[in-house]
Each structure stands twice: as structure tokens, then as C-alpha cells.
Amino acid sequence: ALTKSRVTGPRVIALLTAKLVAAHTTATDEQELLYAAAEVLTDHEFKLLVEFVRENQSDIRVHRFSGIEARDMRVQIRHESHDSNWPNESISIGPLDIASDVGIWASKLKQIGLISDELREKRKAYREDGEAHIDMPGVTQNLTWWITLSAEALELAGLAEKAMPISSP
């Protein structure tokens, strides 16, 4: 089979190809990534991608630089806060397990280069303050795990949404 998907993947490939043919051009490196993604995602994974983008639409960011506009979607996946004055707990500061925290579809898109992930740490020291009932100085540590879907990943989700079969009520 050309793709893991029986329906959506081949339709995404057809939509991409039609776009290129209409423009009398060949695929860019970014469009080649879309073809690669269309070959590895299953129909169910395409559905999960589309649902994820719909649910997180408010996280789409638009960047403008020198007249060029680019979009991406940055989504917070997990957040943990810790205080040096509270008993130590075991905390994970490792990379995001994108397959279990988001889905296998996201892991596949990360391998292709359409999704990236990062861990951000923010530390803030505070002082003793009798009025605020803070008995001793300390440090708070905030860990936040993010994923970013590239503009191409968002385009893939849009193509998949168009290509997915209309489900019956």
C-alpha cells in the first residue's frame, strides 16, 4: 500500500498533487514533509490530528517578519510547580513522552519534522515576608512541557479535514 491510511492519506496526497499541478510547480521541501506525513498516518490518526487542532485553535500564533507571515500552534501539554520549602517530591524533568502524552500521530509527525517539543523551566526566588505569612526564603520552580505544530502541520490538518469522509450522524 502507498499509505498506512486507506482513505484520508491518499486523498491528502491527491489534494497536494492537484495544488502543485494547478500551480505548474514541483513540491518544496516543506510540501515533501506533507507527503511523508500522508504516507505514515492512519485514518484514525488523521482524525485525532484534526480534533487536536480544532480543540487548540486558540493557540495558533501568527508571526510577521519582513512582510512574511507564518503560523504555528504552540500547546501546553503539562505543567508542574514545586517549592523548595515543601517536602521534596520526585519530579520528572525529562523530555515529553509525546506518544503517550499526546498520541502516536504526534510522535510520527515529530519524526518527520512537523512537530517539535520543549521543556521550559522558570525559577523564582522569594523572601521571608511576615505580612504574607512566608516564614522563610525559598524558590519556586515551574516546569512546562510544550509542543509546537508547524505551519505545515496545520496545513496537513486542514487538508485531512477536507479529505476525511463525511461521517453519518
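- When atom types are taken as modelled, the side chain of K108 and the backbone of V40 share a donor-acceptor pair closer than 3.5 angstrom.
- When only modelled atom types and interatomic distance are considered, S81 and N142 share a side-chain donor-acceptor pair under 3.5 Å.
- A continuous path of hydrophobic side-chain contacts links I77 to L114 [ILVMFWY only; heavy atoms under 4.5 Å].
- Atoms CD and CH2, from E118 and W146 in turn, are 8.5 Å apart once rounded to the nearest 0.5 Å.
- At most 12 non-hydrogen atoms from other residues, nucleotides or ligands lie less than 6.0 angstrom from CZ of R120.
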Please walk me through it: do L41 and T3 pass side chain to side chain contact (heavy atoms under 4.5 Å, CB included)? CA-CA 8 Å; L41 294 180; T3 67; over 6 Å; no
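- One finds the OG atom of S150 at 10.5 Å from the CD1 atom of I112 (value rounded to the nearest 0.5 Å).
- Here the closest non-hydrogen pair linking D117 and K110 is OD1-NZ, 2.9 Å.
- Of the candidates L109, I115, N56, L149 forms a side-chain contact (heavy atoms from CB on, under 4.5 Å) with just one, namely I115.
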For a side chain to side chain contact (heavy atoms under 4.5 Å, CB included) check, start with the C-alpha distance between L119 and T144, then their side-chain angles and the critical distance, and finish with the verdict. CA-CA 6 Å; L119 166 61; T144 309; 5.9 Å; no
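- No donor-acceptor pair closer than 3.5 Å links the side chain of W105 to the backbone N or O of K47.
- In this structure, CG on D72 lies 6.0 Å from OG1 on T148, to the nearest 0.5 angstrom.
- The nearest pair of heavy atoms linking W145 to H79 is CE3-N, 4.4 Å.
- Within the model, atoms NE2 of H82 and CG of L143 stand 5.5 Å from one another, a figure rounded to the nearest 0.5 Å.
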With side chain to side chain contact (heavy atoms under 4.5 Å, CB included) as the test, would you mind laying out the steps for E45 and L49 before giving the verdict? CA-CA 6 Å; E45 290 166 340; L49 166 63; over 6 Å; no
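- No hydrogens or angles considered: a donor-acceptor pair under 3.5 Å links the side chains of S5 and D43.
- Note: E152 CD to R71 CZ = 10.0 Å, rounded to the nearest 0.5 Å.
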Listed pairs under 3.5 Å, donor-acceptor, residues 153-165 side chains, sequence neighbours left out:
unit_1	atom_1	unit_2	atom_2	d
E155	OE2	K19	NZ	3.0
E161	OE2	R54	NE	3.0
E161	OE2	R54	NH2	2.7

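- Between R61 and R74 there is a side-chain heavy-atom pair separated by less than 4.5 Å.
- Within the 3.5 Å criterion, the main-chain N or O of M73 finds no donor-acceptor partner in the side chain of D59.
- Linking ILVMFWY residues whenever their side-chain heavy atoms come closer than 4.5 Å, directly or via other members, places I147 and I60 in the same cluster.
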Passes side chain to side chain contact (heavy atoms under 4.5 Å, CB included), T140 versus Y126? Steps please. CA-CA 8 Å; T140 58; Y126 58 86; 3.8 Å; yes
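- For R6, the CZ atom counts as loosely surrounded, since its 6.0 Å shell holds 12 or fewer non-hydrogen atoms of other residues, nucleotides or ligands.
- Residues in residues 21-50 take part in no ring-ring contact (aromatic ring centres under 6.0 Å, His included) pair, two or more places apart or across chains.
- In the hydrophobic clustering of ILVMFWY residues, with side-chain heavy atoms under 4.5 Å counting as a link, L20 and L34 come out together.
- Under a hydrophobic clustering in which Ile, Leu, Val, Met, Phe, Trp and Tyr are joined whenever their side-chain heavy atoms come within less than 4.5 Å, directly or via other members, V50 and I13 fall into different clusters.
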